**Student:** 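Below you'll find the structure I mean.
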Amino acid sequence: MSNLVLSQKEFTLFQHYIYEHLGINLGAQKIYLVQARLAKRVKQLGLGSFKEYYDRLTTDTSGEEFAYLSSLISTNVTSFFREAKQWDFLKAYSAALTEHPAKKLRIWSAACSSGEEPYSLAMFLDTHLAQNSAWDIKILATDVSPRVLKAAQTGTYAQKACAGIDPSLLQRYFTYEAQTHSFRIDERLKSMITFREYNLVTGNYALFKEGMFDIIFCRNVMIYFDKPTQEQLVKKFHTLLSKEGYLFIGSSEALTDMKQGFKSKGASIYQKV
Ligand SMILES: C[S@@+](CC[C@H](N)C(=O)[O-])C[C@H]1O[C@@H](n2cnc3c(N)ncnc32)[C@H](O)[C@@H]1O
């Protein structure tokens, strides 16, 4: 089983399936990566070839095998307070908001991975906005992978993962669990966030109301999608953002030819115009 080889023909099947269902465009050079990541699963299921696994995947109506595949294929790397400049921007933004009468703030963390992004947002906004006022803040955190969402929902992180959190925030919002050497997030903060499974490429956008989000974070995921998929997604985000709402993307991503309806605010942040 260890020398299970993914043939070119089998790779093409997975390439098409993954593009159609995840929006991820795997170039020809990714054949070895796909082979390495899927081989373990093929073995686990006791199957004899990648084609058998493909058949299992495409005939599974429960969606469970697709969920498993998406966890294997996509990169879930994330961290607390990732992209420092964006948090500087948010500091100024929330300072400006405190001048306004309190109101609702709705945020979508659109590929939230194991939760570091939405929890960073919750800590940040609770510190800078909610604590001294009556702001109603809700964060929707979604991802295609049930595995990372499950981790996000536990809200417990190893000591190493918490390295990027300011010690004062760590003390205020987490409880240290000596037995597991981990930090558990405060329940009140967790209650600001709703976690849901959602596929940005094939998901039903009719579930959302136009203009419902003041801020959308879609960071470090569009980079895996091809141009037409990115364009469609950016258009949808535009529709879902409130007037003058903000779209945050990853620092290695850009809206270069898709800026229509947005103006750049620097640091990979775009405002709906
Ligand atoms: C690199 S992580 C980014 C996490 C976080 N946004 C950040 O910047 O730190 C990419 C995430 O996108 C998710 N993802 C990949 N394809 C997706 C899709 N089609 N719909 C929704 N999420 C997807 C993956 O499961 C993964 O958790």
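Predicted, not measured: the structure shown is a model, and the values here were computed from it. Start at 1 and go down the list; that is how both ligands and their atoms are numbered. Any value given below was found using the heavy atoms of this structure, including those in side chains, with hydrogens, waters and symmetry copies removed.
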**Student:** Do ligand 1 and L22 have nitrogen or oxygen atoms that lie under 3.5 Å from each other?
**Tutor:** yes
**Student:** Among all protein heavy atoms, pick out the one at the shortest distance from atom 22 (N) of ligand 1; state its residue, atom name and that distance to 0.1 Å.
**Tutor:** V144 N, 3.4 Å
**Student:** Do R184 and F174 meet the cation-pi criteria used here (NZ or CZ under 6.0 Å from the six-membered ring centre, within 45° of the axis)?
**Tutor:** no
**Student:** At what distance is the nearest protein heavy atom to atom 10 (C) of ligand 1, and which residue and atom is it?
**Tutor:**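 Residue, atom and distance for the closest contact: T75 O, 3.2 Å.
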**Student:** Against R219, only a single residue in E117, E83, E253, E116 fulfils salt bridge (Lys or Arg N to Asp or Glu O under 4.0 Å); can you say which?
**Tutor:**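 Considering E117, E83, E253, E116, a salt bridge (Lys or Arg N to Asp or Glu O under 4.0 Å) with R219 is found only for E117.
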**Student:** For ligand 1, find out whether one of its N or O atoms is nearer than 3.5 Å to an N or O atom of E117.
**Tutor:** yes
**Student:** Is the Y119-Y173 ring centre distance short of 6.0 angstrom?
**Tutor:** no
**Student:** Please report whether the ring centroid of F248 lies less than 6.0 Å from that of F213.
**Tutor:**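 Between F248 and F213, which both carry aromatic rings, the centre distance is not below 6.0 Å.
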**Student:** Should D55 and K51 be marked as a salt bridge (Lys or Arg N to Asp or Glu O under 4.0 Å) after you check the CA-CA gap, both sets of side-chain angles, and the distance that decides it?
**Tutor:** CA-CA 6 Å; D55 294 340; K51 176 64 171 62; 2.8 Å; yes
**Student:** Looking only at protein heavy atoms, which one is nearest to atom 3 (C) of ligand 1, and how far off is it?
**Tutor:**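 Of every protein heavy atom, R219 O, 3.5 Å lies nearest to atom 3 (C) of ligand 1.
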**Student:** Assess the pair Y54 and F14: is the distance between their ring centroids shorter than 6.0 Å?
**Tutor:**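 So the answer is yes for these two rings.
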**Student:** Show which atoms of ligand 1 fall inside a sub-4.0 Å distance from at least one heavy-atom site of S113.
**Tutor:** 4 (C), 27 (O)
**Student:** Quick test: of every protein heavy atom, which one is nearest to atom 9 (O) of ligand 1, and how far off is it to 0.1 Å?
**Tutor:** T78 OG1, 2.6 Å
**Student:** Against heavy atoms of V201, which atoms of ligand 1 measure under 4.0 Å?
**Tutor:**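 Reading through ligand 1 atom by atom, the close ones are 19 (N).
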**Student:** For atom 7 (C) of ligand 1, which protein heavy atom lies nearest, and how many Å away is it?
**Tutor:** R82 NH1, 3.2 Å
**Student:** Which of the numbered atoms in ligand 1 are under 4.0 angstrom from any heavy atom belonging to S74?
**Tutor:** 15 (C), 24 (C), 25 (O)
**Student:** As a check for students: among I223, N220, N76, identify the option with a heavy atom nearest to atom 26 (C) of ligand 1.
**Tutor:** N76
**Student:** Would you say S145 and ligand 1 have an N/O pair spaced under 3.5 Å apart?
**Tutor:** no
**Student:** What's the verdict on ring-ring contact (aromatic ring centres under 6.0 Å, His included) for Y224 and Y19, showing C-alpha distance, side-chain angles and the deciding distance?
**Tutor:** CA-CA 10 Å; Y224 302 109; Y19 178 67; over 10 Å; no
**Student:** Answer yes if the ring centres of W108 and F217 are under 6.0 angstrom apart, and no otherwise.
**Tutor:**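 Between W108 and F217, the centre distance exceeds or equals 6.0 Å.
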**Student:** Would you say F225 contacts ligand 1, with heavy atoms under 4.0 Å as the rule?
**Tutor:** yes
**Student:** Please write down residue, atom name and distance for the protein heavy atom closest to atom 4 (C) of ligand 1.
**Tutor:**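 Residue, atom and distance for the closest contact: A111 O, 3.2 Å.
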**Student:** Are any of the N/O atoms in L200 less than 3.5 Å from those in ligand 1?
**Tutor:** yes
**Student:** For atom 21 (C) of ligand 1, what's the nearest protein heavy-atom neighbour? Residue, atom name and distance, please.
**Tutor:**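 In this structure, atom 21 (C) of ligand 1 has Y198 O, 3.4 Å as its nearest protein heavy atom.
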**Student:** Which option out of N199, T229, T142 puts a heavy atom nearest to atom 18 (C) of ligand 1?
**Tutor:**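 Ranked by closest heavy atom to atom 18 (C) of ligand 1, first place is N199.
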**Student:** Who's the nearest protein heavy-atom neighbour of atom 25 (O) of ligand 1, and how far?
**Tutor:**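 Answer, as residue, atom name and distance: D143 OD1, 2.6 Å.
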**Student:** Let me see the working for L125 and I107 under side chain to side chain contact (heavy atoms under 4.5 Å, CB included), right down to the final yes or no.
**Tutor:** CA-CA 11 Å; L125 294 168; I107 301 160; 3.1 Å; yes
**Student:** Look at the side-chain heavy atoms of Ile, Leu, Val, Met, Phe, Trp and Tyr, link any pair under 4.5 Å apart, and say whether F262 and V273 land in one connected group.
**Tutor:** no
**Student:** If hydrophobic clusters are built by linking Ile, Leu, Val, Met, Phe, Trp and Tyr wherever their side-chain heavy atoms come under 4.5 Å apart, do F195 and V148 end up in the same one?
**Tutor:** no
